[in-house]
Structure formats: structure tokens, C-alpha cells
2 protein chains.
Amino acid sequence: MATPGSCPTTAAPSAGHPPVCLADASETLRPRLVLFGDSITEQSFRPGGWGAALTDTYSRKADVVVRGYGGYNTRWALFLIQRIFPLVGVPPVATTIFFGANDAALLGRTSERQHVPVEEYKQNLQKIVNHLRDYSKSMVILLITPPPIDEDGRERYARSLYGKDARRLPERTNEMAGVYAGQCIELARQMDIHCIDIWSKMQATEGWQKLYLSDGLHLTPEGNDVVHKEVVHTLRGAGLKAEDMPSDFPHHSKIDGNCLEKAFQ
Amino acid sequence: MATPGSCPTTAAPSAGHPPVCLADASETLRPRLVLFGDSITEQSFRPGGWGAALTDTYSRKADVVVRGYGGYNTRWALFLIQRIFPLVGVPPVATTIFFGANDAALLGRTSERQHVPVEEYKQNLQKIVNHLRDYSKSMVILLITPPPIDEDGRERYARSLYGKDARRLPERTNEMAGVYAGQCIELARQMDIHCIDIWSKMQATEGWQKLYLSDGLHLTPEGNDVVHKEVVHTLRGAGLKAEDMPSDFPHHSKIDGNCLEKAFQ
């Protein structure tokens, strides 16, 4: 199979004789995009999920790493950041921070243990952002507001779980989620970082309550699609366009069967 | 908010004063499952994809890392293994090796540049497995045979792309995919590693041609579901049951708001 010329050998490498310098071996093959948040992040690889879609959008370009923790608020999230973002090693190129749905749970209702006062929510987000800035000055940091709440949907969901024993008073309200969203947006403006106002964005579409939310809080595939599109749009605006990022190995059509080493140099 | 007792402080940590020992900081939070293969692996995070589903199955337990390279055969894959599996650092707990659909492309047809003789295909798989064993003696190594081929589906797909200019002779046949699948199974037996015979498994269901294959070769959501279920079944059989693996941080219901440090020790 070898042809005369500059590439005399075409045999595949044996596993014992690496064609790639070992000095490269410990380098990260692809940059990382970290998704840090609550259940809406944790569930983002379920069917139609925005995390899975993001993985596909950045296929062969970046690794999407999911760090979603269902039920967590920003107070609890602060305990995780030293482990998830340890300030050593190669930092992620981008991180989404998607908290607030639990912080905004109302006092005196069934989810009050997750409640964090809105001033503290903002301060906690600021601490997370500052920690990420300590890790990397160039990291794209992307805040996402809590999504809107459909109180009727929450009540239907509670009744489906607990029947007539379900509390009639909502544990979350859309108005309160909006207060937290507002503080998230203000912080992003103050710190000059990116922010997706998913609370407003979703409500701009007629019928958002059932179209985007499966239980009044978590996302349908259509709701996931909105988040995916907004995240990609923001990352692209921040310079992370998948088509401009290097592919970790050549496209198969670029591989010359008579000169394999060249393709994999 | 503090209550008398053994846990006097309830404040969240400041970002500057880590609650977690820095000696832990560079430790991997979650074990990794690496998916190494061709387009059927690369595309596994598209809607309904088996990679995304696996990520959700091992949510909070393991990171699923996709290393799929569309169009690649095992000869080209050998050039990647030193970079993807560099024999330094923490090895994956499990790796799927899913090649053969391109190796089995026929000589003298439109995809012949991807063809690898079946004896070499088997040898290449063996080299990959040996390399992974050099990396880790305990890694679960899981070979997956090429999927079946629906020749009518391939022809319809070619005509949809090239119209009447499409070649009438198939570039892949189901019979030839079966020959490669047989060698994959035999190697797994010889090396005493796990193997999923997806070629046979899919054909055991009536109407597999359109049910499981979108273009006679790549997978529909239903086809992805078969792969997902088989991979999970095999991993569980090898001791990787998600419910028995440690969660990287406590479930939110286990967090005592009056004693946060305890939850995150």
C-alpha cells in the first residue's frame, strides 16, 4: 500500500510505540464547559435535555461536564466550589451557573428548608463568580436566572403526588422567582459577566406554562431547547463558536490512507 | 439560626476559606466512563442518544466522556489511543470500544478507503484492549460489535443524497458486518472481556431495519435505547451499579440546615 514519496510507512502504530510524543499525553484533549447548578442542570441529560444538546453542539470540540445538584441552593453550592473548581489544573473555558429556583422557595411553605434570602442569594452568586475568576481570568462565566414558575402546574404536580393532602399554598411563586431573577441580572451587570434571563425569555412565549414547564418548575424538551439555544448563543457571542474551535483529531475525510502519520502528527 | 449543640456555626463558607482540605482538591470527583468509537459513538448525544442516556443513568455517580470519531476505523483509532488513554493519571473505570462499521466497508465500493481487513480489525481491537489493560487492570472493558446493516435503507439514503447518480451497489452489507461482529465476539471470548453483540441483538426484533436504523447504518432513538440498555446491563453485571456507587455530594434531603458542615465533611 505504500507509495513512493515523503511518507514511506503506512502501518498503524503498535500500541507499545506511541506515534504521539508522551509530553503531550497529560494535556487535556478538549477544553471543558462546566454546567453548575441545581436539578435543572442535573436533569439536563434526560431526553431532550439542554446539557446533552450542548454536548452535541460542541462535539469533538469541548467536553461538557455536568455538575448539577438537585434541590441545592446557593448556600449549599458554596460548599462544593473548592472541590468542583479546585484552582489547580486546567480551568474550564466556560461555566454556567444556574441557581435560584430553590433559593426562592417561600418561607413557611413545604420547601422552606431550601429558602435563602434574596440578598444572600446575590452574595453567594458573587462568591461563586469571584472563585471562578480566581481560577481563570479568561473563563466565560454565564449566569442563568431561575426559570419562571407556573403555580397551577406546581399545584397539579403536588396533587398528583399527595392527592387531597397536598398543600394548597404554593411553595414557590412566579413573582418571587422574578425577584431572584432580577438580582441575578443586576449582579451580572455589576460584575460585567454574561447573563441569560430565562425567567423573562420563557414568559415572552404564549402558553409558556405548559409548553416549557413539565411540573410548573422543571423543563419540558421545549423548555430545554430554549435554554440550549440561549446558552449556545451566549457562548458564541463570547467567542466560543464550535466551528472555529479545533477538532481534537482530523475529520476522517482528511486522512490519507497512504500517509497516515501525516494526518495524526 | 444557630442552635445549641455540637454544630455551632451554620454560615456558608466564604470562597476564600475552603471548608474542604486542599489535599482533596485535585482528586477526581467522579469516576469516568469513556465511550470510544466511530460515528455511532460520536452521535450518541443527539436526541435520544445512548451516550446522553448513560450520562443520566450515572447522574451524580460517574462522568461519561465521549470519544467518538465519525468515519474512523480501528486502524486510525490506534493513532488516538495514546492521547485518549495516556497511561498517566486516574484511568477510567470503564470504556466501551465500538468500532467495525467502517472497517467492514467493502473494497471496490464508495467507502473502500475506510475498509480494514477483518484479520487486522481483530488485531487492532486486541491492541486497543491491551493498551487499556496497561492503563488499568481493573478497568471494565466492553467491546460492542458493529450494528446490523439494512442495505435497502443505505440505498434509499444514498439516493436521497445523490439522486440517480447514487451507486446501486451497497458500500456495506449486513453479511459482511456480521463477519466483523463474529471476530469481535471471538476476541472478547479469547481475552475474557465483556462484549455486546448488537448485530444479533437488533436483528432479533421484527422490523429492526427501520425501527433501529435511521439510514440503514446509524441508530434511531429506539436503536440508541437498545444500546443504552445493553451497556447499562453489562456495566451492572461488571459491578458498576449506579445505585451502589457513591454520590459526589449528599442528596439535598440529607442536608441539615442547622449543621451544614456535617453534611459536607
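Each chain gets a letter, A, B and so on, in the order the sequences are listed, and its residues count up from 1.
With chain A as partner, the option from Thr57(B), Thr55(B), Asp38(B) having the largest number of non-hydrogen pairs under 4.5 angstrom is Thr55(B). Of all the listed residues (Gly70(B), Gly49(B), Gly48(B)), the one sharing the greatest number of non-hydrogen pairs under 4.5 Å with chain A is Gly70(B). Among the candidates Ile84(B), Leu87(B), Val65(B), the residue making the largest number of heavy-atom pairs closer than 4.5 Å to chain A is Ile84(B).
Looking at Asp134(B), neither its backbone nor its side chain comes within 4.5 Å of chain A, counting heavy atoms on both sides. Contact annotation for Arg60(B): only side-chain heavy atoms (C-beta onward) come within less than 4.5 Å of a heavy atom of chain A. Heavy atoms closer than 4.5 Å to chain A are found in both the backbone and the side chain of Val66(B). Looking at Leu54(B), neither its backbone nor its side chain comes within 4.5 Å of chain A, counting heavy atoms on both sides. Of the atoms belonging to Gln123(B), not a single heavy atom falls under 4.5 Å from chain A.
Remark: Asp63(B) engages Arg67(A) in a salt bridge, criterion side-chain N to carboxylate O under 4.0 Å.
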Please assess Arg154(B) against Asp215(B) for the test salt bridge (charged side-chain N to carboxylate O under 4.0 Å, His left out), listing each intermediate value before the final yes or no.
CA-CA 6 Å; Arg154(B) 289 308 285 161; Asp215(B) 59 4; 3.5 Å; yes
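Among residues two or more places apart in sequence or in another chain, the ring-ring contact (aromatic ring centres under 6.0 Å, His included) test is passed with Tyr121(B) by Tyr180(B).
When side chains are defined from C-beta on, Leu217(B) counts as touching Arg172(B), because their heavy atoms get closer than 4.5 Å.
No hydrogens or angles considered: a donor-acceptor pair under 3.5 Å links the side chains of Asp248(B) and Tyr69(A).
Each of Phe99(B), Tyr72(B), Phe98(B) was checked for a ring-ring contact (aromatic ring centres under 6.0 Å, His included) with Phe36(B), and the lone residue meeting it is Phe99(B).
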